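To start, the structure itself, in structure tokens.
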Amino acid sequence: MSTPHTVVRASTLSPCITIIGMAGAGKSTVGKTLAHHLNWAFVDTDHIIEATYATKLQNVADSLSKDEFLDAEASIVQSCYFNRTVIATGGSVVYREKTMEHLARLGICVYLKVDLDLILERIAKNPERGLAIAPGQTIEDLFHERELLYQKYANIVLDAKTMTPKDCVLTLMDLFPKDFLQYFKN
């Protein structure tokens, strides 16, 4: 007869690091590298949306209007509570202020900034990545529309256009506030 195991929620909360930016900026790649470096969990909110709807993100985006998609994304992200987790978000997460307030309560928000040309190149290589885009809107429109929102919500802006994921992580480690570094010790 086996002994039942009990899982207990953490008694103290540890902050998270949320990465925001355009599709193709490298949020998931840098996020996984950072999580590995810190020995933290990694979550991609686009994957949580896919799991919720049991289909690819682009299918979800295609089946809903832009506003419906943004509302669904907001609801799902706001229902997530993590500790010691690097969170890569969808590029559209910044459209809902309450969602960004929720993520801010979880910890630090990093804007992974990449030039439009690189974004266009990366999206062209993976057109099925799932974009919340209105009919007639271009990726350039999205880029310019979101730029100010990314700046608004970020605690740290990392200009990553010429950096490798490892370089991004090492630079971020130098940019995190000193009082935040205490959470990296475990």
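Treat the numbers as computed from the prediction; the structure is a model and nothing was measured.
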side-chain contact (heavy atoms from CB on, under 4.5 Å) assessment of R122 paired with L118: CA-CA 6 Å; R122 289 177 178 173; L118 187 54; 3.5 Å; yes
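Note: H47 NE2 to S28 OG = 6.0 Å, rounded to the nearest 0.5 Å. In this structure, CG on L120 lies 12.5 Å from NZ on K125, to the nearest 0.5 angstrom. Rounded to the nearest 0.5 angstrom, T162 OG1 and D159 CG are separated by 7.0 Å. Atom CD of residue E101 and atom CD of residue E97 lie 4.5 Å apart, to the nearest 0.5 angstrom. The line from CG of D115 to NZ of K161 is 4.5 Å long, rounded to the nearest 0.5 Å. Atom CE of residue M100 and atom CZ of residue R105 lie 11.5 Å apart, to the nearest 0.5 angstrom.
With contacts defined as side-chain heavy-atom distances shorter than 4.5 Å, the pair Q78/K98 qualifies. In this structure, the side chains of E73 and T99 stay at 4.5 Å or more apart for every pair of heavy atoms. Side-chain contact between F69 and L57: present, with at least one pair of heavy atoms (C-beta onward) separated by less than 4.5 Å. You'll find the side chain of I48 reaches within 4.5 Å of the side chain of C80, heavy atoms only. Within the 4.5 Å cutoff, the side chain of L38 has heavy atoms near those of the I17 side chain. Side-chain atoms of T85 and F42, non-hydrogen and from C-beta on, never get closer than 4.5 Å to each other. The side-chain heavy atoms of L103 and V77, taken from C-beta on, include a pair separated by under 4.5 Å. Side-chain contact between C16 and V86 is absent, with no heavy-atom pair separated by less than 4.5 Å.
Of all heavy-atom pairs between M173 and L34, the closest is SD-CD1, 4.3 Å. Y150 and I20 get closest at one heavy-atom pair: O-CD1, 3.7 Å. Of all heavy-atom pairs spanning L112 and A160, the tightest one is CD1-CB, 3.6 Å. Contact between T45 and I87 at its shortest, heavy atoms only, is CG2-CG2, 3.7 Å. Between I119 and G24, the closest heavy-atom pair is CD1-C, 3.7 Å. In this structure, S14 and N83 approach most closely via the heavy-atom pair N-OD1, 2.9 Å.
Remark: side-chain polar atoms of N155 are paired, donor with acceptor, to backbone N or O of C109 under 3.5 angstrom. Judged by distance alone, the side chain of S79 and the main-chain N or O of I76 form a donor-acceptor pair under 3.5 Å. The backbone N or O of T55 sits nowhere less than 3.5 Å from a side-chain atom of E50 that would complete a donor-acceptor pair. In terms of modelled atom types and a separation under 3.5 Å, the side chain of R146 and the main chain of M22 share no donor-acceptor contact. Under a 3.5 Å cut-off, the side chain of T29 and the backbone N or O of G26 do not form any donor-acceptor pair.
Grouping the Ile, Leu, Val, Met, Phe, Trp and Tyr side chains by contacts below 4.5 angstrom, directly or via other members, places L170 apart from V157. If you chain together hydrophobic residues whose side chains sit under 4.5 Å apart, I123 and V93 fall into the same group.
Screening I19, T18, D46 for a side chain to side chain contact (heavy atoms under 4.5 Å, CB included) with K27, the sole residue that qualifies is I19.
Within a 6.0 Å radius of NE2 in H36, other residues, nucleotides and ligands contribute 12 heavy atoms or fewer.
For the residue pair Q137 / D141, no side-chain donor-acceptor distance below 3.5 Å is found, with atom types taken as modelled. A donor atom on one side chain and an acceptor atom on the other are found under 3.5 Å apart for Y111 and E147. For T164 and D167, the side-chain atoms include at least one donor-acceptor pair closer than 3.5 Å.
Using a cutoff of 4.0 Å between basic side-chain nitrogens and carboxylate oxygens, E145 and K66 are scored as salt-bridged. Salt-bridge check for K32 with D44: failed, with every basic side-chain N at 4.0 Å or more from each acidic carboxylate O.
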